[in-house]
Number of protein chains: 2
Amino acid sequence: MFNKETEYALRGLVYIKLQNLKERRPGTLEVAKEIEAPPFFTAKILQRLVRSGFLRSLKGKGGGFFFDPGKPDLPIINLISAIEGDRSFSGCSFGLKQCDSDNPCPLHEKYAPIKEALNKLITEESVQSLAEKVYKKEFSLNEFLK
Amino acid sequence: MFNKETEYALRGLVYIKLQNLKERRPGTLEVAKEIEAPPFFTAKILQRLVRSGFLRSLKGKGGGFFFDPGKPDLPIINLISAIEGDRSFSGCSFGLKQCDSDNPCPLHEKYAPIKEALNKLITEESVQSLAEKVYKKEFSLNEFLK
DNA sequence: TTATTAAAAGACAAAAAGGTCTTTTGGTAA
DNA sequence: TTACCAAAAGACCTTTTTGTCTTTTAATAA
Ligand code: FES
Ligand code: FES
């Protein structure tokens, strides 16, 4: 569905937010371990997210990653776009230059509604909303991870 | 959505089927040109499809690619599985080891129905059904291709 | 039976994705 | 003010994906 970097970023940010809710600021090693991602790669990804302004960090003792409390929620469509580019769910499944109901590919009729649902999903859900769900124990963050 | 190889295979096979309907057997160069894919890469992909048994070919003058008239339709899920492996639309969007309603990730609730729709789509549609749609001029094969 | 045609086979290579590691920088706390 | 800690930066590497090209094999037609 998503590529590895997006997947790790998503899981990592949800984990960080979850810890922030508990007044904690996890570091790279902790995040990597909890989301079962490669530690160095996780570090690199988190660094990029800080540079992109999605996340904040503190160096030194007691340091780690955290969300700016003043910022609004981060819809995952923004995250996906930043990492994978705007290819998101705008393109034609068949490879036409653009997905256009006026010049539809043979998959369009059935694919367009699905694409719309996907776009709705990633627009509506945010890192924070996902973390909330995990916090309420309704959903799992890392059980049976790949 | 799909990777390049799958995309070219899909478009290529639909084009070939379309030409077969017109009693023609296109060759690699023609297919590549019509679906706007790299010629050598297209040739390699078609060769693989022949080896996989999805397609047939004839060498020499008047040669080219064609579908075995005796064979049943080819659902595109089979094509996708053969090229990309079974990763298809079985996995968890969040990266959990498996998508399981008993241990759902925070995206599951909204993503599962979408996944189901995708699986329905690729199971129901076949190379032949897609070619039919193009044949009836209802849908476009290569207008505005990437 | 030979020339021609077109696919098959497979080596090679560029680009992108995924991942590792070392060094530097900037904080914290004793 | 020193020792330590943890993120930042960036070089480097591996694997996968995407793509190119040459040589060989097989079919057809003259
Ligand atoms: S035109 Fe192909 S999916 Fe819309
Ligand atoms: S468990 Fe994640 S999509 Fe189903």
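First the proteins, then the strands, lettered A, B, ... as listed; each starts at 1. These numbers come from the heavy atoms of this one structure, side chains and all, not from hydrogens, waters or symmetry mates.
Atom CD of A/Gln47 is separated from atom P of D/dA11 by 14 Å (rounded to the nearest Å). Atom CZ in B/Phe40 sits about 17 Å away from atom P in C/dA11, given to the nearest Å. Following rounding to the nearest Å, A/Arg56 (CZ) and C/dG27 (P) show an atom-to-atom distance of 11 Å. Going from atom CG of A/Asn3 over to atom P of C/dG19 covers 10 Å, rounded to whole Å. Distance CD1 (A/Ile45) to P (D/dA7): 15 Å, rounded to an integer number of Å. Counting to the nearest Å, the C1' atom of C/dG18 and the CZ atom of A/Phe2 are 18 Å from each other. For the pair A/Glu36 CD and C/dG19 P, the computed distance is 14 Å after rounding to whole Å. Rounded to an integer number of Å, the gap from CG of B/Leu58 to P of C/dA8 is 9 Å.
B/Glu125 places no side-chain N or O within 3.5 Å of a backbone atom of A/Leu107 that could act as its donor or acceptor partner.
Taking only side-chain nitrogens and oxygens, A/Arg48 never comes nearer than 4.0 Å to OP1 or OP2 of D/dA9. The side chain of A/Arg51 places an N or O atom within less than 4.0 Å of a non-bridging phosphate oxygen (OP1 or OP2) of D/dA9. One finds no side-chain N or O of A/Ser57 lying less than 4.0 angstrom from the OP1 or OP2 phosphate oxygen of D/dA6. A close approach under 4.0 Å does occur between a side-chain nitrogen or oxygen of A/Thr28 and OP1 or OP2 of D/dA7. The phosphate of C/dG18 (OP1 or OP2) has no side-chain N or O of A/Tyr8 nearer than 4.0 angstrom.
Distances were taken from every side-chain heavy atom of A/Phe41 (C-beta onward) to each of D/dG19, C/dG19, D/dA8; the shortest belongs to C/dG19. Listed nucleotides: D/dT20, D/dA7, D/dT28. Nearest to the side chain of B/Lys44: D/dT20.
For a distance-only test at 3.5 Å, the side chain of B/Lys59 fails to qualify as a donor-acceptor partner of the base of D/dT28.
By the rule that hydrophobic residues join a cluster once side-chain heavy atoms approach within less than 4.5 Å of another member, B/Leu21 and B/Phe65 end up as members of one cluster. Each of B/Leu130 and B/Phe66 belongs to its own hydrophobic cluster when Ile, Leu, Val, Met, Phe, Trp and Tyr are linked at side-chain heavy-atom distances under 4.5 angstrom.
The minimum heavy-atom distance between A/Cys99 and A/Lys115, with the atom names listed, is SG-NZ, 3.0 Å. Pairing each heavy atom of A/Leu96 with each of A/Asn103, the nearest pair is CD1-O, 3.7 Å.
Within the 4.5 Å cutoff, the side chain of A/Val134 has no heavy atoms near those of the B/Cys105 side chain.
At its two ends the helix from C/dT1-D/dA30 to C/dA30-D/dT1 runs along axes set 10° apart, each axis drawn from five pairs and the angle rounded to 10°.
In this structure, A/Ala43 and A/Gly63 both approach DNA chain C, and ranking their closest nucleotides by distance from the 5' end singles out A/Ala43.
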Test salt bridge (Lys or Arg N to Asp or Glu O under 4.0 Å) applied to A/Arg11 and A/Glu7, step by step: CA-CA 6 Å; A/Arg11 290 216 302 273; A/Glu7 215 182 270; 3.2 Å; yes
